[in-house]
Number of protein chains: 2
Amino acid sequence: MHIGCPVTEFQRLISGKYKLRIVWDLKDGPLRYGKLRNGLLRGADGSPPIAPRVLSRELKALTDAGLIARNDFGTIPPKVEYRLTLAGRSFIPIIASIQAWGTRHLRRAG
Amino acid sequence: MHIGCPVTEFQRLISGKYKLRIVWDLKDGPLRYGKLRNGLLRGADGSPPIAPRVLSRELKALTDAGLIARNDFGTIPPKVEYRLTLAGRSFIPIIASIQAWGTRHLRRAG
DNA sequence: CGGGATCCCGGATGATACTG
DNA sequence: CAGTATCATCCGGGATCCCG
């Protein structure tokens with residue numbers, strides 16, 4: 001596949017409702033699937049909880065993209081950790097900018 | 001509507017295949033609909049050209065979001081310009097970071 | 001506990017034709 | 001020139017069930 005424009009590619013890369021949030025939530029260290037899931041639940045303002053399929057899907061996409069890495073401990077019961085790769089970590093400042101920008105310019109409508 | 005997390009809100013805001021590109025392409029000054037359209041065509045690597053409906057839709061969304069402004073000259077033939085608002089302009093550095101990051105980490109596969 | 005398999009739905013995207 | 005109307009389609013997202 002061709003890459004025409006890095007911006008457009010980025011668009012595709014983070015397409016997915018929770019991708020940025022996932023990367024962001026991993027900034028302080030590895031998290032297990034369940035923890036990640038619970039973190040994404042925040043906003044009990046009526047927003048539906050994330051479906052396992054969706055979280056799984058986005059985690060896989062981010063892993064394939066090289067932003068995060070999967071650590072399967074292979075135990076019973078299962079334990080799987082996700083952590084940022086170097087590429088993923090290098091992206092954190094940008095999300096921070098986004099967050100700052102959003103806080104200033106997306107100030108709630110209601 | 002509630003805003004849980006600025007990052008998630010941002011996700012929603014730029015959801016749309018070309019939104020970031022549109023903002024980015026406007027950074028050097030206002031552009032007319034057709035110019036914008038042609039600019040988005042780049043990447044004649046087989047990627048389908050943007051459908052008028054889609055461009056129109058994204059422009060409206062960005063306008064509603066307050067990132068760009070629409071200037072209708074009301075002439076025949078029609079002339080409509082789009083330009084960044086202050087909020088939109090303040091977002092340019094972030095897209096620049098994204099571009100820089102993408103150039104470093106999304107290095108083309110082919 | 002961490003998902004995979006399956007089914008469903010709505011919205012986003014795309015192609016084409018048409019108009020003020 | 002700058003869109004809108006219309007129709008077809010694809011895909012992301014959600015819900016549920018189940019298994020190792």
Side-chain angles (χ1 to χ4, degrees), chain A residues 1 4 8-22 25-26 30-41 43-65 68-83, chain B residues 1 4-5 8-9 11-22 25-26 30-41 43-65 68-83:
Chain A
M1 180 176 51
T8 302
E9 274 307 301
F10 166 82
Q11 268 277 19
R12 284 172 36 109
L13 176 63
I14 63 156
S15 79
K17 199 168 174 180
Y18 308 93
K19 293 224 187 94
L20 282 186
R21 271 290 299 278
I22 291 172
D25 286 353
L26 288 176
L31 286 178
R32 296 177 62 175
Y33 181 93
K35 281 285 189 183
L36 228 25
R37 183 173 205 278
N38 292 336
L40 263 5
L41 284 192
D45 46 325
S47 53
I50 185 171
R53 169 178 160 72
V54 176
L55 178 54
S56 177
R57 199 182 161 77
E58 307 219 331
L59 286 171
K60 189 171 185 342
L62 286 171
T63 302
D64 290 347
I68 68 178
R70 207 182 93 112
N71 235 344
D72 190 334
F73 288 79
T75 59
I76 299 289
K79 175 176 175 180
V80 179
E81 265 184 6
Y82 292 90
R83 58 178 174 79
Chain B
M1 183 178 46
C5 167
T8 302
E9 274 308 301
Q11 270 277 18
R12 285 172 33 110
L13 175 64
I14 63 156
S15 79
K17 202 169 175 181
Y18 308 92
K19 293 223 187 94
L20 281 187
R21 269 293 299 279
I22 291 171
D25 286 353
L26 287 177
L31 286 178
R32 297 177 63 175
Y33 181 92
K35 281 285 189 182
L36 228 26
R37 183 174 204 278
N38 291 338
L40 263 4
L41 284 192
D45 45 327
S47 54
I50 186 171
R53 169 175 161 73
V54 175
L55 178 53
S56 177
R57 197 184 163 74
E58 307 218 332
L59 285 172
K60 189 171 183 345
L62 287 171
T63 302
D64 290 347
I68 67 178
R70 207 182 93 111
N71 235 346
D72 189 335
F73 289 78
T75 57
I76 300 289
K79 175 176 177 180
V80 179
E81 265 184 7
Y82 292 90
R83 58 179 176 79

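A note on names: the letters A, B, ... follow the listed sequences, proteins ahead of strands, and every chain is numbered from 1. Hydrogens, waters and symmetry mates are skipped; everything else that's a heavy atom, side chains included, is used.
Residue P78(B) is the one, among P78(B) and S56(B), whose nearest nucleotide of DNA chain D lies closer to the 5' end (criterion: closest heavy atom).
Applying the side-chain contact (heavy atoms from CB on, under 4.5 Å) rule to Q11(A) yields the partners I14(B), K19(B), L20(B); only residues at least two apart in sequence or on another chain are considered. Under the side-chain contact (heavy atoms from CB on, under 4.5 Å) criterion, K60(A) pairs with D64(A), sequence neighbours left out. The side-chain contact (heavy atoms from CB on, under 4.5 Å) check on R57(A) picks up R53(A), with sequence neighbours excluded. In this view, V54(A) and Y18(A), I50(A), A51(A), E58(A) satisfy the side-chain contact (heavy atoms from CB on, under 4.5 Å) rule, not counting sequence neighbours. Partners of F10(A) under the ring-ring contact (aromatic ring centres under 6.0 Å, His included) rule, at least two apart in sequence or in another chain, are F91(A). Among residues two or more places apart in sequence or in another chain, the side chain to side chain donor-acceptor pair (under 3.5 Å) test is passed with R83(A) by none.
As a whole-Å value, the separation of L40(B) CG from dA2(D) P is 14 Å. E81(B) has its CD atom 15 Å from the P atom of dC1(D), to the nearest Å. Between the P atom of dG13(D) and the CG atom of L59(A) lies a distance of 13 Å, rounded to the nearest Å. Rounded to a whole Å, the CG atom of N71(B) is 11 Å from the P atom of dG3(D). Atom CG in N38(B) sits about 15 Å away from atom C1' in dG3(D), given to the nearest Å.
Here the shortest heavy-atom pairing between Y82(B) and L26(B) reads O-CD2, 3.3 Å.
Between its opening and closing five pairs, the helix from dC1(C)-dG20(D) to dG20(C)-dC1(D) changes axis direction by 50°, a value rounded to 10 degrees.
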Original post:
For every nucleotide of nucleotides 7-12 of chain D, 5' to 3': is a protein heavy atom under 4.0 Å from its base (B), only from its sugar-phosphate (S), or from neither (-)?
Top reply: -----S
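Side-chain atoms of R21(B) come within 3.5 Å of backbone atoms of G39(B) as a donor-acceptor pair (strictly under, hydrogens ignored). Between the side chain of Y33(A) and the main chain of P52(A), a donor-acceptor pair closer than 3.5 Å is present.
Close approach of DNA chain C to chain B, defined as any atom under 4.0 Å from a non-hydrogen atom of the protein, starts and stops at dA12(C) to dG20(C).
Pairs of residues two or more places apart, or lying in two chains, that qualify as salt bridge (Lys or Arg N to Asp or Glu O under 4.0 Å) and include a residue from residues 71-82 of chain B are R70(B)-D72(B).
No contact: F73(B) has no heavy atom under 4.0 Å from any strand. Note on Y82(B): only backbone sugar-phosphate atoms sit closer than 4.0 angstrom, heavy atoms only; bases stay farther off.
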